[in-house]
Each structure stands twice: as C-alpha cells, then as structure tokens.
There are 4 protein chains.
Amino acid sequence: MKRLPRNPERDQEIRKERCDQILSAAVALFAKNGLSSTKISDIAHKAHMSHGLIYNYFQSKEEIYISIVEKNLCILTSLFEQAHRLPDASSYEKLTWLLDQVYCERWDDAVFYQVVADQILTSDSVSDQLKTSVRTSIGDNLKLLTRIFRVGQEKGELIQGDPRELAFYFMNMIQAVLLAETRGIYFTGTPLHRNLLQLFLPKA
Amino acid sequence: MKRLPRNPERDQEIRKERCDQILSAAVALFAKNGLSSTKISDIAHKAHMSHGLIYNYFQSKEEIYISIVEKNLCILTSLFEQAHRLPDASSYEKLTWLLDQVYCERWDDAVFYQVVADQILTSDSVSDQLKTSVRTSIGDNLKLLTRIFRVGQEKGELIQGDPRELAFYFMNMIQAVLLAETRGIYFTGTPLHRNLLQLFLPKA
Amino acid sequence: MKRLPRNPERDQEIRKERCDQILSAAVALFAKNGLSSTKISDIAHKAHMSHGLIYNYFQSKEEIYISIVEKNLCILTSLFEQAHRLPDASSYEKLTWLLDQVYCERWDDAVFYQVVADQILTSDSVSDQLKTSVRTSIGDNLKLLTRIFRVGQEKGELIQGDPRELAFYFMNMIQAVLLAETRGIYFTGTPLHRNLLQLFLPKA
Amino acid sequence: MKRLPRNPERDQEIRKERCDQILSAAVALFAKNGLSSTKISDIAHKAHMSHGLIYNYFQSKEEIYISIVEKNLCILTSLFEQAHRLPDASSYEKLTWLLDQVYCERWDDAVFYQVVADQILTSDSVSDQLKTSVRTSIGDNLKLLTRIFRVGQEKGELIQGDPRELAFYFMNMIQAVLLAETRGIYFTGTPLHRNLLQLFLPKA
DNA sequence: GATGAATGAGTTTTCATTCAT
DNA sequence: TATGAATGAAAACTCATTCAT
C-alpha cells in the first residue's frame, strides 16, 4: 500500500496515521452504538485493517474509548478558552462563534463528547478514575462557559439569572441541537443552532 | 411472597406484578448502562427472581427494552396531552406542570426515555421497525408540545420564534436538567428545572 | 443425565460434583502440559461438559490452577503431619508410610504438586501473591519433614547430616520417583520408591 | 555493532553469533516460563533484536526449543563421558567433578535440561519424534552414569544397590539441588550440592 | 540482514437463551 | 411457576508468522 521507504521516522508516521484511522472509525461507531455494542471488528473494518492490528496501537477497546473521551473534552476546553479570548467580540458573538465551531468543524467528535460523557458518569462498567476525570473536565468546561456568561450579563448582552445555570443550559442545548441535526430527523430547514441564541438574549 | 388463594384472576395479577417487577428493574439498569451492557441476570437480581423466570414473561431482552421504550413514549404523550388540556392554565403554568410531572413523579422513566430514544434512532443494532415507531412517537410528542407553545405565543405568554423549534429546545432541556439532577453532579442548590422556564418567557 | 429431583441441596451436590469433575480433568492436563498449554476447552472436554459451564464454577483458568495448587499443598501438609504422629512407628516406618501414601493413593495430585510448584516460583506469569503463598507452604512442609528426620537421627535410625537438607533431598526424591513411574519410562521392574529409603539409613 | 569487513566467513560468524544470542535468551525464558508461555517477542527483546529477525535464523519457536533441548542433552552426555574417563579419579571424585561442572559452569542450561525434558516426555503438544529423541538421550545418559556407579561399587567406594537406580536418584538429585539453588529459596548457607554425595557413600 | 507493521488462526471469556426438574 | 445448570454463538484479545521496505 505504502510506497515510501521504511525508516524510524516513517514508522512513526505510520503509527500516527493508524492511530488516527482507528480513532476516527471508533468515534463514529461509539457515537452511534455505544461502547459495548461497538465491536472491535467493526472498528477494524471501518478503519480498513485487521482486528489484530488495533491491538498494536491500543491495549483494549476501553482504551480507545477513553482516548476519544479525553481528546474531546480537551478540544472543548480549548474551544471555550478561545471563545473567551476572542478580541473585540461581544458575548453574543462569542457564543455564536462557539456554536459555529462545534457545528461546522467538529461534527462527530462534539456529538460524541456529550452522549458519551453522560453515559460514562453513570455506567457501572466504567472505572471510577475515568468518571472522576470526566466529571472534573466537564466542571472545568462549565466554569469557562460561566465566565463568558457573566461577562455578557455585566455588559447587558445576555439574559439575567445565575450564569452557571445559563452556561449549563447552553452547553446542553449545543448537544441537543447537534444530535438532532446529525441524525437529520426533526428539522429540514435552516440549521437550528443559530436561532438557539435568541433564548439567551436579554428581556427587552 | 403473597399467599392469596390461586385462581385465574389471581394468576393474572401475579403475572402483571412480575412483569412490573421486571420492567422496574430493567428501566433503571438500561438507563444507566444501555441495552447491551445490561445483563439479564442483573435485571433478574434486581427484580429478586431467577433469570430463567424472566423468559416466562418476555421473549427476550430486546422485548423488555422495547416495552419500556414504548411505555415511556406513551406516558410522555399522555403528559403532553394533559398539559394541553389543563383548564384555566396559562402556557407558563402548563409548562411548569409538565416539568413538575416529569421531575417529581417519573424520574427514572423520563430520564430513560430520551437517552434511550437518542440511541435507538442511530444504533445499528435496533430494528427499523422500532426506529420508525420511536421516530413517529417523538414526532407526535413534539407536535403536542408545539401546540402548547403556539397557543402561548398567541397569548403573548411565551417568547417569539418558530414554535416547533422552541418546543424542541424545551424537550431537550427537560432531559438535560433531569440528567443533571439525577446524577447530582453539577448543582447542589435549588432544582434547576424551575428556572429553566425563564428562558422561554417573552422579551419585555 | 441426572434423575434426582432438583432442590437447593441437590443443586449444591451438583455444584460440588461439577467442581470435582473440573479439577480432576484439570489436574491431569496441567500436570502433562503446563498451565498455558492446557486449553479450557480441553478441560471441558475431559470433564464432559461445555466450556461455558466451567465459568459457572471458576472465574478463569488461572483460578482453577490456583485451586489445585493450594489443595495439593494442603494435602501434602496433612500427610506430613499424619506421618509425624504415627504411633509406635520408627522413622523408617514413617517415611515408608509417606512414600506409600503419595505413591499409591494420590498419584496425579502429588505429581502435579511439585512440577507445578517449581514452575510457579519462577514463572513471570504468576502473581506474587500466589508465589509467596506457595513458597510459604513449601517451607512449612519442609519443616514438618525436617522434624521427622531430626527425631530419626536422635534415635540413630537415619543417616547423619543437616536434617533440613536431608528432608529437602527426600522431598525431591519423592517427586522424581513419582514422575519416573508415572511416565513409565525408566524402569519396568519393582517400584523404585521403596529402595529409595536405603539412601537415608545410617552408615553402619 | 561490529564493524569488521564483510565477507563469507565473517557472515558465517555473524550468523553464529546471532544464533547464540537467540539461544541464550531463549534458554533462560523457556526455563522460567515453559514453551508456550514464552513469547517470540520476549526472546527477541532479551536478545536485543527485532522479533522478525529471529525467523532468519530459526524456522519457528519450536525449532529454537528443540535446538536447546538437544544441545543440552549433548552437553550432559559429554559431561558424563568426561567424568567416566577422568584419570586417576575415585568414583567419589568423579561424581564431585560432575556436580561442580553442572553447578558452577552450566547453570541455566542444566536447570533447563531436566525441567524441560520432563515436560517434553508427557506433553501432548510435543512431536513423537522429539519425545523419542529425548527419551533415548536420557536413557544414554543414564547408562553412562550407571557405569560410573557400577565401577564405584566394585571398588567399594559407593553404596550398594542397583546401580541403575542409584544413577537415576543421583541424576534427579542434581536437578533438585540446582533448582533449589537457582531459585535461592530454601537454603542460604553452604551450597547443597557437596553434601548430597554423602548419601551415596557406602554404609560403613 | 534488519525492522516492525500487518495478518488471522486460535484461545479465553461472556452471556442470552433453553430446559430438565 | 420457579430455578439454576447447561449450552454455544459471539466477542475480545493474543501472538506466531509473514512480508514490504
């Protein structure tokens, strides 16, 4: 398949490439079917490799899962930080930017993030360590988003109320809207995600 | 357990009782762990019976799952209809009533409904028949809720915008808030679900 | 197969019976082929049951292995204690009795004990916990045998020298002789194990 | 590693060197963990090469194993012959020399020899050809040792009794003592192997 | 020769489902 | 009805071996 000469650097590249192939295949399948309904052989098939090869890159199915969850939580954290630091942007613009990022560019990952995160926090088959890590990460993300809301409220750009609650509503709205659009089931017209923001504008 | 005299009616009652035992146990486990991670023996254990007995009441694990999903969708439909018909109630009061119902009385079931419904609609391991049924049911529920929103907007009691979108937002908020409270992770103060309604009040 | 009525007591009996079937099958196979070359399906086949059933009685192949090792170490300890307490017996008679016990009655188990114990103490794939347990148990057994030797020496019935060393030689001889006879390869005449004792009689 | 000029002879040397590296690594691992628990990649790691390279020198894992077994049996045969031919040596001295050789110089190999030989003779996963070869070789070695014992008995230097049996006892004692010392578990004082000979001296 | 990515047959293990009692 | 022993299909995971580079 590969026509490039083998050497340590090339091997590293191949490793990276294969890991990404596996993660890409896995994220879509996990998002659709959940951890235990997703078979390693499905992932392998989707990633165009033998099931055995997956174990050259990951210890177990669970490890793939964890990798994805942690990666997604990091991405989200990063997005929230970037939104907060957007120069010369109103709160409205920051939130719009956020929605656009999640919606347009990180489709599957973002969808997966929340679905999975919810499952993780209650599932009996997940280690406490992972649960704690996820809970912490979600908490951190919520704080970042809360900060954006607080600033917006001070400027009178956003609706009044506990900013932490509003941030929480907003975070879940993102998920809901994305899920709906991904699954293409409820709406066929203009994307939902832009209208969503109207709810958070101030009352008069 | 019960020692009442046996007769055909009594037998029917026992059957009903056993079915409910099984469904109650199953709904909580499915909600936490999903379909494929939930073992028949777990359900049996939680329902205080042997796993063999479950097959006297249900054909398969899938059948239990489907029973629960359909039951929950019906309950939700019923709730929406009741809310719509509440006499002398403003839209605000109807929505409040809905939230209270879901929140206070049908805890696990309601939580289960959405988590599961989402999974069902995408999962490869679910029959198309069930998917269609679920999609239809969700659509019906959304229509009922849309109607409430439309009436509320006409009376100036709710925020402007496409009532179907608003209904959709609202439905997903219910789920998100319930999940958060069930899991007891994000907030420790007053229940979220009452504040949520502020978002849907009209702008000035 | 079974024609007795089912009830909790009968179920217990069945469980005990099945465990014994599994252990009997396993001990012979482990002794012949070692832990990792013995397949669960081999054990199941030899025990006349499906491989799945084995997991109703043991958590894993390793657990079967550990059960056998610990059982055998206990049996050996018990034999040594009995030999020590034999009334009105000379040391010679005690050791003869021991050899006869191991040789005539506990064939496979005894053979297995040492082969396995040796492997366990060096193998990388055995938990430290099991290693320590085995080492302790072997040490205890050696002490019991040493006591028999010490008493024999005091009465002038056995060869002089460090009784602990002699006990160690003796213990290993038992194994060697048993292995040879079990495998039927070296000698075809009278059983070796009785002549062995001559080595431990006093010099003149 | 080595930078000598390449030529056919040099290539042969390198081949030999690589083979020895592999065999040295393998003997220790096989001795500890047995054939099936020892992984090719473990051997490769211990021999400081890639696992693929091993297949340039050996056809299969089994071939490495067989090489080692046969090599060890040859070494032992050679030792027994040398001992028999030691000029001006008493039987006691010959046996002492043997013990010293095995003990001091061929540590791992000797330990491996017996443990493995025992396994080979019973294991289902070993070819009959190898079994026969091993059985013959062990028989030959036993004959050589028997001859030493017979001569010793004629000179009155060793204990009376069937010389073949005594040779067998002695051979197994060597193994037992070596195992004990290798594993460093039973004794911490002077090496066992010298005292062992006392058992074989004549009675008075 | 040397490397390690890739394969897939072979094992362990799980668990829904059946069935004798 | 009720039980849990028993089965076996299916999935996770291992690792000897091959082969392109």
Side-chain angles (χ1 to χ4, degrees), chain A residues 1-8 10-15 17-18 36-44 48-62, chain B residues 6 11 14-15 18 36-44 49-64, chain C residues 1-8 10-15 17-18 36-44 48-62, chain D residues 6 11 14-15 18 36-44 48-62 64:
Chain A
M1 213 181 276
K2 304 295 162 187
R3 294 289 163 217
L4 301 179
R6 279 271 302 276
N7 60 50
R10 177 71 194 132
D11 282 344
Q12 272 311 307
E13 278 175 42
I14 290 177
R15 283 194 78 82
E17 209 175 291
R18 293 288 170 276
S36 50
S37 294
T38 300
K39 288 169 254 167
I40 282 285
S41 58
D42 292 342
I43 299 175
H48 305 294
M49 61 181 70
S50 69
H51 65 270
L53 189 53
I54 290 186
Y55 291 91
N56 268 7
Y57 299 98
F58 296 92
Q59 299 288 327
S60 65
K61 189 167 76 164
E62 176 118 338
Chain B
R6 285 270 303 265
D11 283 353
I14 290 179
R15 265 199 92 77
R18 289 276 176 281
S36 49
S37 295
T38 300
K39 291 174 242 169
I40 281 286
S41 59
D42 291 342
I43 298 175
M49 61 182 68
S50 69
H51 62 269
L53 189 52
I54 289 184
Y55 289 87
N56 277 4
Y57 301 98
F58 296 92
Q59 297 290 327
S60 66
K61 190 167 76 162
E62 268 69 25
E63 201 190 74
I64 302 176
Chain C
M1 214 182 275
K2 303 296 162 187
R3 293 289 161 219
L4 302 179
R6 280 268 303 273
N7 61 49
R10 177 71 195 133
D11 281 346
Q12 272 311 306
E13 280 173 43
I14 290 178
R15 283 195 78 81
E17 210 174 291
R18 292 287 170 277
S36 49
S37 295
T38 300
K39 288 168 254 169
I40 282 286
S41 58
D42 293 340
I43 299 176
H48 305 293
M49 61 181 68
S50 68
H51 65 270
L53 189 53
I54 289 186
Y55 291 89
N56 269 4
Y57 299 99
F58 295 91
Q59 299 288 328
S60 65
K61 190 168 75 163
E62 176 120 336
Chain D
R6 284 272 302 268
D11 283 352
I14 290 179
R15 266 197 93 77
R18 288 277 177 279
S36 47
S37 295
T38 299
K39 292 174 242 170
I40 281 285
S41 58
D42 291 342
I43 298 175
H48 305 294
M49 62 181 70
S50 71
H51 62 269
L53 189 53
I54 289 186
Y55 289 87
N56 276 4
Y57 301 98
F58 296 91
Q59 298 289 326
S60 67
K61 190 168 76 162
E62 268 70 25
I64 302 177

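Residue numbers begin at 1 in each chain, while the letters A, B, ... track the order of the sequences. Quick caveat, the model's predicted, so the values are computed rather than measured.
- Mapping D:Gly52 and C:Glu62 onto DNA chain E by nearest heavy atom places D:Gly52 closer to the 5' end of the strand.
- Here CG of A:Asn56 is found 12.0 Å from CD1 of A:Ile14. Values are rounded to the nearest 0.5 Å.
- Between the CD1 atom of B:Ile54 and the P atom of F:dA2 there is a distance of 12 Å, rounded to whole Å.
- Atoms CD (C:Glu13) and P (E:dT21) sit 15 Å apart, rounded to a whole Å.
- Along DNA chain F, the nucleotide nearest to C:Gln12 and the one nearest to A:Ser41 differ in position, and the one closer to the 5' end is contacted by C:Gln12.
- Between A:Met49 atom CE and F:dC19 atom P the separation is 20 Å, expressed in whole Å.
- Computed from coordinates, the B:Phe58 CZ to E:dA16 P distance equals 15 Å when rounded to whole Å.
- One interatomic measurement links the two molecules: CG of A:Asn7 to P of F:dA20, which rounds to 18 Å at whole-angstrom precision.
- Using a 4.0 Å cut-off, some side-chain N or O of B:Tyr55 falls inside it from OP1 or OP2 of E:dT17.
- Regarding contacts with the backbone of E:dG1, a side-chain N or O of D:Arg15 is found under 4.0 angstrom from either OP1 or OP2.
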Report summary line: Intra- and inter-strand pairing of DNA chain E, written as dot-bracket with Watson-Crick and G-U pairs under 3.5 Å and | for the latter, reads .||||||||||||||||||||
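- For B:Ser50, whose side chain is taken as the heavy atoms from C-beta onward, the closest listed nucleotide among E:dT13, F:dA12, F:dA2 is F:dA2.
- When the C1' atom of F:dA9 is taken as reference, atom CD1 of C:Ile40 falls 18 Å away, rounded to whole Å.
- Interatomic distance, CZ of A:Phe58 versus CD1 of A:Ile54, reported as 8.5 Å (0.5 Å rounding).
- Heavy atoms of C:Asp11 sit under 4.0 angstrom from primed sugar atoms or phosphate atoms, though from no base atom.
- A distance of 13.5 Å separates NE2 in D:His51 from NZ in D:Lys61, rounded to the nearest 0.5 Å.
- Both B:Lys39 and D:Leu53 lie close to DNA chain E; mapped to their nearest nucleotides by heavy-atom distance, the more 5′-ward contact belongs to D:Leu53.
- At F:dT1, none of the side-chain N or O atoms of B:Arg18 fall inside 4.0 Å of OP1 or OP2 (strictly under the cut-off).
- Not counting sequence neighbours, the partners of C:Tyr55 by the side-chain contact (heavy atoms from CB on, under 4.5 Å) test are C:Ile40.
- A distance of 8.0 Å separates CD of A:Glu13 from CG of A:Asn7, quoted to the nearest 0.5 Å.
- Residue contacts shown for B:Ser36 are absent, as no nucleic acid heavy atom lies under 4.0 Å away.
- The side chain of C:His51 lies closest to F:dA9 when the candidates are E:dT17, E:dA9, F:dA9.
- You'll find that the side chain of C:Lys61 is closest to E:dT12, out of E:dA5, F:dT7, E:dT12.
- Here the straight-line distance linking atom NZ of C:Lys39 with atom CG of C:Asp42 works out to 5.0 Å at 0.5 Å rounding.
- Residue C:Arg10 has no polar side-chain atom (N or O) positioned under 4.0 Å from OP1 or OP2 of F:dT3.
- At the heavy-atom level, B:Ser37 lies nowhere under 4.0 Å from the strands shown.
- Within the model, atoms CZ of A:Arg15 and CD of A:Gln12 stand 7.0 Å from one another, a figure rounded to the nearest 0.5 Å.
- If you check every strand for non-hydrogen atoms under 4.0 Å, D:Tyr57 touches sugar and phosphate atoms only.
- B:Ala44 approaches B:Ser50 most closely through the heavy-atom pair CB-C, 3.8 Å.
- To the nearest angstrom, C1' of F:dT14 lies 12 Å from CD of A:Gln59.
- Going from atom CG of A:Asp42 over to atom P of F:dA11 covers 8 Å, rounded to whole Å.
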